[in-house]
**Student:** 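The structure's right below; bear with me while I get my questions together.
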Amino acid sequence: MSTLLQNYLTLKNSLRDKSFTNNMLLICDKFFVTPNNIMASGGRKRKYVQARNMLCYVMYNKLDYKLEEIAVKIGYKNHTSVMHCIQMHDVDLKFDSSYAKKYEYVVDNLKIEDPHDTGVDYTNTQGTLKSFHYKILAIESRMEALEKFIN
């Protein structure tokens, strides 16, 4: 059972990383910046900082990343920089109307991959079991490929 749980968590984390990438690209598109500009080493121009603040806020509040995980992904030294980004997001949201419009657009177009969204009809027990079985097989094959790669 622990292997099944580990496989599920691996799949969930890969979907969360996919959501991070999708949302980073959405924010880049809205602010007219590149992904390299959003990273901590990308610069301190206002549009870069605002995009970075919004990304940190979305990662923390919508994608359930921990502060330390966000710091690693963005390139900050520690979690306190991420906390500052989230606070500045709230300030910009309150006092900058163009930022608020961009945030509203981003929220309306968020692309969050849900590991529970299988498209399975749960009233059809046979179909549900079959779908679950196929998903487990897919996870097991990914894990086997990963083990071969590691060894």
Side-chain angles (χ1 to χ4, degrees), residues 4-124 127-128 130-143 145-146 149:
L4 179 62
L5 179 61
Q6 184 180 9
N7 291 343
Y8 171 75
L9 292 175
T10 302
L11 179 63
K12 182 178 178 183
N13 286 337
S14 70
L15 290 173
R16 189 172 70 159
D17 287 343
K18 185 176 179 184
S19 296
F20 162 73
T21 304
N22 290 339
N23 292 319
M24 181 175 66
L25 293 175
L26 176 67
I27 291 170
C28 286
D29 184 49
K30 195 62 186 167
F31 280 90
F32 302 107
V33 297
T34 65
N36 288 339
N37 297 135
I38 286 188
M39 295 302 130
S41 61
R44 294 184 347 183
K45 288 186 179 179
R46 183 170 183 81
K47 67 180 183 176
Y48 301 157
V49 172
Q50 285 185 332
R52 191 176 307 130
N53 292 349
M54 189 179 296
L55 181 62
C56 288
Y57 181 84
V58 167
M59 288 175 70
Y60 184 69
N61 288 304
K62 305 292 185 188
L63 299 177
D64 298 326
Y65 276 89
K66 295 178 183 170
L67 294 173
E68 294 83 11
E69 293 173 323
I70 299 170
V72 169
K73 279 222 179 259
I74 301 295
Y76 285 125
K77 291 181 182 177
N78 56 41
H79 71 282
T80 56
S81 299
V82 178
M83 290 171 56
H84 178 72
C85 282
I86 293 170
Q87 290 170 348
M88 294 314 299
H89 165 80
D90 291 336
V91 170
D92 283 337
L93 195 60
K94 188 173 183 180
F95 295 109
D96 187 347
S97 61
S98 68
Y99 182 83
K101 288 178 185 175
K102 289 176 184 176
Y103 176 69
E104 185 177 316
Y105 173 82
V106 168
V107 168
D108 289 342
N109 294 295
L110 278 178
K111 300 173 185 170
I112 299 175
E113 302 291 331
D114 185 4
H116 302 291
D117 185 20
T118 59
V120 175
D121 178 16
Y122 290 104
T123 59
N124 178 1
T128 302
K130 193 174 189 180
S131 174
F132 186 67
H133 177 71
Y134 287 138
K135 290 196 180 294
I136 289 176
L137 288 175
I139 291 171
E140 287 177 351
S141 67
R142 288 182 185 164
M143 291 303 292
L146 183 62
F149 178 75

**Student:** Hey, are the side chains of Y76 and C56 touching, using non-hydrogen atoms and a 4.5 Å cut-off?
**Tutor:**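 Yes. Closest side-chain heavy atoms under 4.5 Å.
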**Student:** If you look at every heavy atom in Y99 and L93, which pair is closest and at what distance?
**Tutor:**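 Looks like CD2-N, 3.6 Å.
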**Student:** Run the ring-ring contact (aromatic ring centres under 6.0 Å, His included) test against Y103 and tell me which residues pass, sequence neighbours left out.
**Tutor:**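 Per chain and number, Y103 pairs via ring-ring contact (aromatic ring centres under 6.0 Å, His included) with Y57, H89.
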**Student:** Do M59 and V82 have side chains that approach each other closer than 4.5 Å (heavy atoms only, starting at C-beta)?
**Tutor:**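 No, side chains not in contact.
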**Student:** With C28 as reference, evaluate I38, L55, N36 under the side chain to side chain contact (heavy atoms under 4.5 Å, CB included) test and give the passing residue.
**Tutor:**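 That would be I38.
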**Student:** How long is the gap from CD on E68 to OG1 on T80, to the nearest 0.5 Å?
**Tutor:**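 Going from CD on E68 over to OG1 on T80, the span is 10.0 Å.
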**Student:** Can you pull out every salt bridge (charged side-chain N to carboxylate O under 4.0 Å, His left out) where at least one residue sits in residues 26-44? Sequence neighbours excluded, please.
**Tutor:**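 Listed by first then second residue: nothing to list.
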**Student:** With a 4.5 Å heavy-atom cut-off, do N23 and V106 have their side chains touching?
**Tutor:**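 No. Closest side-chain heavy atoms not under 4.5 Å.
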**Student:** Salt-bridged, R46 to D96, with N to O below 4.0 Å?
**Tutor:**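 Yes, charged N to carboxylate O under 4.0 Å.
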**Student:** Tell me the closest heavy-atom pair linking Y65 and Y60, and the distance in Å.
**Tutor:**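 Looking at all heavy atoms of both residues, the closest pair is O-CD1, 3.4 Å.
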**Student:** What residues form a salt bridge (charged side-chain N to carboxylate O under 4.0 Å, His left out) with K73, not counting sequence neighbours?
**Tutor:**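 K73 satisfies salt bridge (charged side-chain N to carboxylate O under 4.0 Å, His left out) with D17 once adjacent residues are dropped.
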**Student:** State, with a plain yes or no, whether a side-chain heavy atom of V49 is found less than 4.5 Å away from one of R52.
**Tutor:**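 Touching, per the 4.5 Å side-chain cut-off.
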**Student:** Report the distance from atom CD of Q50 to atom CZ of F31, rounding to the nearest 0.5 Å.
**Tutor:**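 One finds 5.5 Å between CD of Q50 and CZ of F31.
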**Student:** From I27 CD1 over to F32 CZ, what is the distance, rounded to the nearest 0.5 angstrom?
**Tutor:**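 That separation rounds to 14.0 Å.
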**Student:** Calculate, to the nearest 0.5 Å, the distance between atoms CG and CD belonging to N109 and E104 respectively.
**Tutor:**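 The CD atom of E104 is 10.5 Å from CG of N109, to the nearest 0.5 Å.
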**Student:** Say whether, by atom type as modelled, one donor and one acceptor occur between the side chain of N37 and the main chain of T34 under 3.5 angstrom.
**Tutor:**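 At least one qualifying donor-acceptor pair exists.
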**Student:** Rounded to the nearest 0.5 Å, how far does CE of M83 lie from CD1 of I70?
**Tutor:**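 Answer for the CD1-CE pair, I70 versus M83, is 11.5 Å.
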**Student:** Say you draw a straight line from CG of L25 to CZ of F20; how long is it, rounded to the nearest 0.5 Å?
**Tutor:**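 Here the interatomic distance stands at 9.0 Å.
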